[in-house]
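Each ligand, and each atom within it, is numbered from 1 in the order the structure gives. One is the number of the first residue; the rest follow in order along the sequence.
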Amino acid sequence: MSDPFRFSAGHDSRPPAEDCVYCESEVRLANLNPGLPPEMLALDITPLGAHYRLSHFDVPLLDAAGYRLSFEGEFETPLSMALDEIQAEPRVTMPVTMECAGNGRAEMSPRPRSMPWMHEAVGTMEWTGTPLAPLIARLRPANRVRDFAFEGADRGFDRGVLHAFGRSLTPDEVEGLGVILAYEANGQPLLLQHGAPLRLIVPGWYGMASVKWLVRITALTSRYQGLQQAQNYHFRQSEEEPGEPVTAIRVKSLMVPPGVPDWYTRSRWMEPGPVRIRGRAWSGDAPVERVEFGVDDDWTLATLDKAIGPHAWRGWHVDWEAVPGHHILACRATDSAGQRQPITPVWNLSGFANNAVQRIEVAVGEEENV
Ligand SMILES: Nc1nc2c(c(=O)[nH]1)N[C@H]1C(S)=C(S)[C@@H](COP(=O)(O)O)O[C@H]1N2
Ligand SMILES: [Mo]
């Protein structure tokens, strides 16, 4: 069998490594933070261990037995809670799609120095925990509280600053977004790398808001100034701009890569004939309303599968008659707020929130003819 990818690559399927220069720090980050295997996009719920991970620093090995979450600052009665006390609070379970704000940034050229995600930093697990808003209300924060800071047990440097990973939400955001303190994913205690024993889940927002290894909630009378809140995670076109904070997940869709891959290049090959193409679509702002599937820029409407929850992605499928040749497959989602994926990326300095349509090149051919 000859090489089906020779047309597209212009040479064999093991191009010289010198053609793709990555620096050592990016390879380290990529090894530290694995992505969702794209074939798992076929599943509504991402299995434990297959969900992507993004940790800035080292995983703190917190012991559930000795764990405490402290409430500090402008609460009427500051206190701390043990894990079993939090677990005794009202319990909710919901599927939530989480996506890293940096997902898709590796398409940027030249690429920013950060985690080089292609499109695999997304997943949906069923998170179990307790709603945060009623718990906070019971602790009676002062009327003048403007922000709640959420800090993890992990620490490290960024931009020369030593800090705990921390983010904040206003009282309205805590209430309106349906934030939970989560201690289980897919019916199991949180895995260490996903924030055990307790993390924040902020439905609808990019992943940075969902603080892992949560150990402290501080009620503040002014906005939290932590680096990850005030400096990082902003849309900027230049370093000097204050920028706009990254918040809700933009409408996006991905497909399960059809056919089989080439080991080294990940190029795809499939046989001609009828094939069901499947994928997922999501938006943090509004329900997904429509997904289009494109073959060589010829678009048709995909069928949406049953919705699994207001904060989770939605499956879609389309039947395609694959004809021999090289094709570019694409998918494009629109949400009920009228937001639609752009055809080409709209870049900001850090490559955040790239929701441009995904394209997958596939070689279709009879095995004997390719
Ligand atoms: N404490 C802490 N929380 C964190 C992070 C972190 O590095 N430390 N990374 C954030 C980012 S950027 C993302 S995308 C999500 C990823 O969650 P996961 O690793 O469980 O998929 O966690 C967020 N919460
Ligand atoms: Mo992220």
Side-chain angles (χ1 to χ4, degrees), residues 29-37 40 45-62 67 69 95-106 112 114-129 149-158 162-169 179-186 188-217 224 226-229 231-235 245-250 252 282 284 350-355:
L29 285 182
N31 289 340
L32 176 72
N33 294 309
L36 174 79
M40 303 259 181
I45 300 298
T46 308
L48 272 190
H51 192 277
Y52 86 90
R53 297 195 320 247
L54 193 293
S55 300
H56 289 73
F57 310 127
D58 298 341
V59 171
L61 308 180
L62 301 181
Y67 171 83
L69 171 63
V96 176
T97 295
M98 192 185 293
E99 182 180 11
C100 182
N103 201 21
R105 73 148 64 86
S114 192
M115 179 64 205
W117 291 120
M118 298 297 289
H119 289 288
E120 56 295 272
V122 63
T124 301
M125 292 204 284
E126 288 207 277
W127 300 94
T128 296
F150 302 92
E151 285 173 326
D154 52 331
R155 294 196 318 155
F157 285 88
D158 189 8
L162 176 63
H163 63 287
F165 186 93
R167 292 279 311 178
S168 73
L169 294 168
V179 176
I180 67 169
L181 299 177
Y183 41 80
E184 283 177 18
N186 294 357
Q188 301 291 321
L190 295 190
L191 298 182
L192 274 176
Q193 55 273 37
H194 288 299
L198 191 81
R199 77 178 298 174
L200 210 58
I201 290 291
V202 181
W205 280 29
Y206 282 107
M208 74 280 150
S210 294
V211 177
K212 304 194 275 190
W213 313 292
L214 183 66
V215 288
R216 187 170 18 263
I217 300 181
Y224 176 61
L227 182 92
Q228 302 292 345
Q229 180 70 29
Q231 290 288 314
N232 290 353
Y233 296 106
H234 278 70
F235 294 114
V246 175
T247 58
I249 300 176
R250 290 180 180 166
K252 188 163 173 173
W282 62 93
S350 302
F352 286 135
N354 172 19
N355 67 334

Considering non-hydrogen atoms only, spot the tightest contact between Arg250 and Phe352 and give its length.
-> NH1-O, 4.5 Å

Close-contact set for ligand 1 against Cys100 heavy atoms, below 4.0 Å | 14 (S)

Output yes when the distance from some N or O of ligand 1 to some N or O of Lys212 is under 3.5 Å, and no in every other case.
-> yes

State the atoms of ligand 1, each with its element, that fall below the 4.0 Å cut-off from a heavy-atom position in His51.
-> 21 (O)

Quick one: look up the protein heavy atom nearest atom 24 (N) of ligand 1 and list residue, atom name and how far away it is.
-> Ser210 O, 3.0 Å

Partner of Thr46 under side chain to side chain contact (heavy atoms under 4.5 Å, CB included), picked from Thr124, Val122, Thr97, is Thr124

With a 6.0 Å cut-off on ring centres, are His119 and Tyr52 close enough?
-> no

With atoms numbered from 1 as shown, which atoms in ligand 1 lie under 4.0 angstrom from a non-hydrogen atom of Ser55?
-> 7 (O)

Taking heavy atoms and a distance under 4.0 Å, where does Tyr52 meet ligand 1: side chain, backbone, both or neither?
-> both

Please state which protein non-hydrogen atom is closest to atom 15 (C) of ligand 1 and give its distance, to 0.1 Å?
-> Gly207 O, 3.5 Å

Has the side chain of Arg105 got a donor or acceptor atom that lies under 3.5 Å from a matching backbone atom of Met115?
-> yes

Should the pair His194 and His51 be assigned to parallel (<30°), tilted (30 to 60°) or perpendicular (>60°) ring geometry?
-> perpendicular

Short N/O distance, under 3.5 Å, between Asp154 and ligand 1?
-> yes

Considering only the protein, which heavy-atom contact is closest to atom 9 (N) of ligand 1, and what is its distance?
-> Leu54 O, 3.1 Å

Looking only at protein heavy atoms, identify the closest one to atom 12 (S) of ligand 1 and say how far it is in Å.
-> Tyr233 OH, 3.1 Å

Main-chain N/O of Ala164 paired with Glu151 side-chain donor or acceptor, under 3.5 Å = no

Minimum non-hydrogen distance to atom 10 (C) of ligand 1, winning option of Met208, Gln193, Met115 | Met208

What atoms of ligand 1 come within less than 4.0 Å of a heavy atom belonging to His194?
-> 18 (P), 19 (O), 20 (O), 21 (O)

Are the side chain of Asp154 and the backbone N or O of Phe57 linked by a donor-acceptor pair below 3.5 Å?
-> no

Sidechain-backbone polar pair: Gln228 side chain, Gly226 backbone, donor-acceptor under 3.5 Å | no

Of the listed options Met98, Glu99, Arg199, Arg53, closest to atom 22 (O) of ligand 1 (non-hydrogen atoms) | Arg199

Using atom types as modelled and distance alone, determine if a side-chain donor or acceptor of Lys212 lies under 3.5 Å from a backbone N or O of Gln193.
-> yes

